[in-house]
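Quick notes on the structure that follows.
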Amino acid sequence: MVQYVEGVPCWADAMLPDVAAGRRFYGELFGWTFAEGGAGYRPHTWARLGGEDVAALVPKSDGRMPTVWNVYLATEDAAAATARIREAGGRVIVAPRWIDDLGVMATAADPGGAVFGLWQTGTHPGFARRGEPGAYGWTEVHTREPRVVDAFYRTVFGYEARPAESAGPGPKRPADVLLWSPRGEPAGPGHAVAGRVVLGEPHPAEMPAHFLTYFVVADCDHASRTARRLGGRVLNEPEDTPYGRFAVLADNQGAHFAVIDTSRGTEGARENRAGRG
């Protein structure tokens, strides 16, 4: 069983109005197969790659909820983590609760407004596969309040931070992108598990703070064309970065995510984008 240390992204799910449509879209885009999950507090559909769990699709219980990809950060104690979140100026949206016997889930927002989940392992440890085509690769928070947000995540998860080369759409100064490593590990290439990006040009002023989840693909351009053909949109056309060739997409129901071909980046950057357990 994979054990994810404190603060490492360990799971992702998409909240969708139409799970069947989501299955058709992501099944063709990533080669996922699907299996029905529990029918308790949070019914869901497992997304699998080679028979192993890599994500989930969750039906929206309320039409007012956003259609969105959620990322979950690992914690050994969800109650203690939510206490740190409140003390650091964040907001707890959903208090910790057991999801069947899978684990303890909570939902929170950082001081800049970006929403993320917490996951305390039960029978479900998180991603069974990652860092390969069809699986999770990376996450980053996009914010307009970098100083406050940097201090928040350092307090809550103990991240070690280091400026990165430009890793997102549009021109950036080095300070615009930070790479986060788990507490006690060296900051920088080979150790980073997530990142922070400053929202600015060319992002529209109305874009809220958010987490962007990346999935690895073998060919970024092909994945972008496939998403369009399946009824999705390409929000940022494919471009090369030191971390690989990536694009930002929306699925056929409006949930935003990114795809990245990490083989197009440098060795150290590929390790960052693939993430670590």
Classify the ring geometry between [X] and [Y] as parallel (under 30°), tilted (30 to 60°) or perpendicular (over 60°).
X      : Y      : answer
Trp32  : Phe30  : tilted
His142 : His210 : parallel
Trp46  : Trp11  : perpendicular

[X] versus [Y], closest heavy-atom pair with distance:
X      : Y      : result
Ala135 : Gly131 : CB-N, 4.3 Å
Val104 : Ala78  : CG1-CB, 3.8 Å
Pro182 : Glu160 : O-CG, 3.7 Å
Leu29  : Ala223 : CD1-O, 3.5 Å
Val234 : Ser224 : CG2-O, 3.7 Å
Pro125 : Cys10  : O-CB, 4.3 Å

What distance do [X] atom [atom1] and [Y] atom [atom2] have between them, rounded to the nearest 0.5 Å?
X      : Y      : atom1 : atom2 : value
Thr123 : Leu102 : OG1   : CG    : 4.5 Å
Leu249 : Cys220 : CG    : SG    : 7.5 Å
Glu145 : Asp150 : CD    : CG    : 11.0 Å
Ile85  : Phe116 : CD1   : CZ    : 4.0 Å
Asp77  : Thr82  : CG    : OG1   : 8.0 Å
Leu179 : Glu140 : CG    : CD    : 9.5 Å

Counting only heavy atoms not in Glu76, do more than 12 sit closer than 6.0 Å to its CD atom? no
Just by modelled atom types, is the [Y] backbone N or O under 3.5 Å from a matching donor or acceptor in the [X] side chain?
X      : Y      : result
Asp110 : Gly112 : yes
Tyr4   : Gly7   : no
Lys60  : Met15  : no
Thr241 : Gly244 : yes
Arg129 : Arg48  : no
Trp138 : Leu212 : no
Thr213 : Phe257 : no
Tyr159 : Val193 : no

Any non-hydrogen side-chain atom of [X] less than 4.5 Å from a side-chain atom of [Y]?
X      : Y      : answer
Val141 : Trp180 : yes
Val68  : His256 : no
Phe246 : Glu239 : yes
Val217 : Pro133 : no
Tyr153 : Thr155 : no
Arg97  : Ile99  : yes
Pro17  : Thr67  : yes
Val115 : Ile93  : yes

Just do the side-chain contact (heavy atoms from CB on, under 4.5 Å) check on Arg86 and Arg91 with the steps written out, would you? CA-CA 6 Å; Arg86 291 189 179 98; Arg91 180 166 57 97; over 6 Å; no
Between Tyr214 and Val216, does the side-chain contact (heavy atoms from CB on, under 4.5 Å) criterion hold? Intermediate values first, please. CA-CA 7 Å; Tyr214 289 69; Val216 179; over 6 Å; no
Decide side-chain contact (heavy atoms from CB on, under 4.5 Å) for Phe25 and Leu57; before the verdict, give the C-alpha distance in whole Å, the side-chain angles of both, and the deciding distance to 0.1 Å. CA-CA 11 Å; Phe25 181 90; Leu57 307 182; over 6 Å; no
In this structure, would Val148 and Leu178 fall into the same cluster of hydrophobic residues linked by side-chain contacts under 4.5 Å?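 No: no chain of side-chain contacts under 4.5 Å links Val148 to Leu178.
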Test: side-chain hydrogen bond (donor to acceptor under 3.5 Å, both in side chains). Region: residues 16-28. Which pairs qualify, not counting sequence neighbours? Arg23-Glu36, Tyr26-Trp69, Tyr26-Asp251, Glu28-Arg229
Ring centres under 6.0 angstrom apart (Tyr72, Phe211):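 No; Phe211 has its ring centre 6.0 Å or more from that of Tyr72.
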Regarding Arg245 and Asp261, does a basic nitrogen lie under 4.0 Å from an acidic carboxylate oxygen? no
Is the shortest distance from a Lys or Arg side-chain nitrogen in Glu52 or Arg130 to a carboxylate oxygen in the other one below 4.0 Å?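 No, no charged N to carboxylate O under 4.0 Å.
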Quick one, Arg144 with Val198, criterion side-chain contact (heavy atoms from CB on, under 4.5 Å). Give me CA distance, side-chain angles, the key distance, then yes/no. CA-CA 6 Å; Arg144 299 184 191 279; Val198 177; over 6 Å; no
The residue among Glu6, Arg84, Gln120 that forms side-chain hydrogen bond (donor to acceptor under 3.5 Å, both in side chains) with Thr75 is Glu6
